[in-house]
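Beneath this line is the structure, given in structure tokens, with notes to follow.
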Amino acid sequence: MKKIKFPSAQTILLIIAALTALLTWVIPSGKFDTLGYNKVDKHFTKISLDKTEILEASQETLNNLEIKIPLEKFTNGDIWKPISIPNTYKKVEATPQGALAFIKSPIKGIIAAADIIFLVLFIGGLIGIMNHTGAFDAGISWLASTLKGYEFILIILVTLLIAVGGTTFGLAEETIAFYPILIPIFLAAKYDAMVALACIYIGSSIGTMCSTTNPFSAIIASDAAGINWTTGLTGRVIMWALGLIICIIYILRYAQRVKKDPTKSVIYDQKEEIEKLFKNNISSTSKLTIQLKVILFVFAMCFVVMVYGVSRLEWWFEEMTAVFLVGAILIGVIGRIKEFTFIETFMKGAGDLLGVAVIIGIARGVSVLMDDGQISDTMLYYASTATNDMNKGVFINAMLYIYGGLSFFIPSSSGMAVLTMPIMSPLADGVGIGRELIVNAYQYGMGLFAFINPTGLILASLAIVKVGYNKWLKFVMPLVIILTIFTMLVLTASVYL
């Protein structure tokens, strides 16, 4: 009997999109009124089902709408998206999404995700240029020789640095750039590709899960909850440190088993295929010349500039993409690559990541179906009413799972914050706990599910390494269970202390 093969990432996402389309026929459509701040004309815009109102930008207006958020959070730009207004949910005429909407959803998703898709394609082009120069080969050969006997340091450093990026400025989508670079290094250190994948993805996930200064989750969620973002910061820092230690120990134990016995790898049957995929960088003996050192320096500076721009200059995808384009051109000049060869190599490198870009677009298409079917607000409304009359220990853990479930449909952390916080955070007042605990439950719930969320970044990440989703689940589920139990204990203790 022929063994049934686990479906590809694209197929998994299309199945999820189809199920989401079916949900729009079952779940009633509904909408909350929204309130946005116009920073040009300095007034509020309230959008209801039947009308749009211009309101004075004052604290009194917010109080009248039962929005317990200081006015300055809107005027200084902390809250830049329209928020949901509490107690305004209304059912609307159903807009079920049929076969045509399902077919169009990947196209709409690709258009909606064009910014990150172009970033991915330009990163692919840059990687293609780097491979052409031979700088990767020489750099990896030098690094493998330098770390001989101490390869475990690589695991600790990579996971730690990416987790720092995740907790401080939300390093997530940007990590797509690291896989083609770091996987060959881990393979040269006699680990498998799963170790590299884990260091990058788990590092990012635990970092964003326990965000401290991340403006796209901790800060915007705190602002939307009407509290200062520093409230509860100490607890999140401790949670980040302990969670990171658990993750690093987990990865190190797996890495040691694989290094001692390669057959223990969960992707051992793909060993030759993966090594062939990254063959240009595995067993290189290229000499690290001054020219190649300069090329590696320019390449590294692309990431330094990107991180600085995102964290300090409010850059986003357009600026990040421009950095990688300029970096590719500079490397082409330093490497003396002819114009025709440069274009051909760049396009081929971009083409290698085209499949990843399509996966990102299809995943975004699921959110498009939710929005067009108008069921996001309905799910939020029922989730908020489900916690009525709960014990506070049960309540906070219920919030953890509610946010984990909602993140399947709304994987955007900033989108989740502005949509849910004005509705969910007042529930804390009735239970007698601080609103910062709702912010924590939001972050931890989304973060835990992000380890396996097929509508998030994991399928795009797996596509780069050509690893199946089923193999990732086999590797990561024990860690997810450990982290979930740990998180529930922390949240339960926090409401009683």
Side-chain angles (χ1 to χ4, degrees), residues 37 39 59 62-63 67-81 83 86 160-172 204-245 307-308 310-315 392 395-396 399-400 403 412-448 450 486-487 489-497:
Y37 178 70
K39 63 181 181 181
Q59 193 64 52
L62 294 173
N63 293 339
I67 298 174
K68 298 180 180 179
I69 301 174
L71 176 64
E72 58 267 21
K73 299 295 185 183
F74 293 90
T75 57
N76 65 13
D78 286 340
I79 298 177
W80 67 90
K81 294 182 177 182
I83 66 167
L160 172 63
L161 290 174
I162 291 180
V164 167
T167 192
T168 53
F169 67 91
L171 183 69
S204 171
S205 296
I206 195 66
T208 52
M209 171 182 164
C210 305
S211 291
T212 50
T213 62
N214 178 2
F216 307 109
S217 58
I219 293 179
I220 190 173
S222 297
D223 290 340
I227 59 175
N228 192 296
W229 67 269
T230 58
T231 306
L233 178 61
T234 302
R236 287 194 284 274
V237 171
I238 294 172
M239 182 71 175
W240 174 82
L242 295 176
L244 179 60
I245 290 170
V307 169
Y308 180 80
V310 171
S311 58
R312 298 292 181 185
L313 304 178
E314 297 184 357
W315 283 7
K392 59 184 178 181
F395 168 82
I396 197 64
M399 294 300 296
L400 174 75
Y403 271 111
S412 165
S413 59
S414 59
M416 179 75 83
V418 297
L419 178 66
T420 67
M421 275 302 147
I423 310 300
M424 295 297 201
S425 60
L427 301 178
D429 304 338
V431 181
I433 63 174
R435 291 190 175 195
E436 71 277 6
L437 295 178
I438 302 294
V439 174
N440 290 353
Y442 141 81
Q443 289 199 157
Y444 302 160
M446 288 198 74
L448 282 170
F486 173 66
T487 302
L489 290 172
V490 169
L491 284 175
T492 303
S494 66
V495 300
Y496 291 110
L497 293 178

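Only a predicted model underlies this, so the values are computations on that prediction, with no experimental measurement involved.
The closest side-chain heavy-atom distance from Asn440 to Tyr403 is not below 4.5 Å. By the 4.5 Å heavy-atom criterion applied to side chains, Arg435 and Met421 are not counted as neighbours. Using a 4.5 Å cut-off on side-chain heavy atoms (C-beta onward), Leu244 and Trp240 make contact. Side-chain atoms of Ser222 and Asn228, non-hydrogen and from C-beta on, never get closer than 4.5 Å to each other. Using a 4.5 Å heavy-atom cutoff, the side chains of Ile396 and Leu400 are not in contact. The shortest side-chain heavy-atom distance between Thr487 and Met209 falls under the 4.5 Å cut-off. With a 4.5 Å cut-off on side-chain heavy atoms, Val439 and Trp229 do not count as touching.
Between Pro422 and Ala417, the shortest heavy-atom contact is CD-O, 3.8 Å. Across all their heavy atoms, Ala224 and Ser425 have their closest contact at O-OG, 4.4 Å. Residues Asp223 and Lys73 share a closest heavy-atom pair of OD1-NZ, 3.0 Å.
The backbone N or O of Ala163 lies less than 3.5 Å from no partner atom in the side chain of Thr167, so there is not a single donor-acceptor pair. In this structure a side-chain-to-backbone donor-acceptor pair under 3.5 Å is missing from Arg236 to Thr230.
Atom CD in Gln443 sits 8.5 Å away from atom OG in Ser413 (nearest 0.5 Å). Once rounded to the nearest 0.5 Å, the distance linking CG of Leu491 with CD1 of Ile433 reads 9.0 Å. Atoms CD1 and CD1, on Ile67 and Ile423 in that order, are 8.5 Å from each other to the nearest 0.5 Å.
Remark: Leu242 pairs with Ile238, Phe486 by the side-chain contact (heavy atoms from CB on, under 4.5 Å) rule, at least two apart or across chains.
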### Query
Given the rule in the side-chain contact (heavy atoms from CB on, under 4.5 Å) test, do Val495 and Phe395 qualify, once you have shown the distances and angles that lead to the verdict?
CA-CA 10 Å; Val495 300; Phe395 168 82; over 6 Å; no
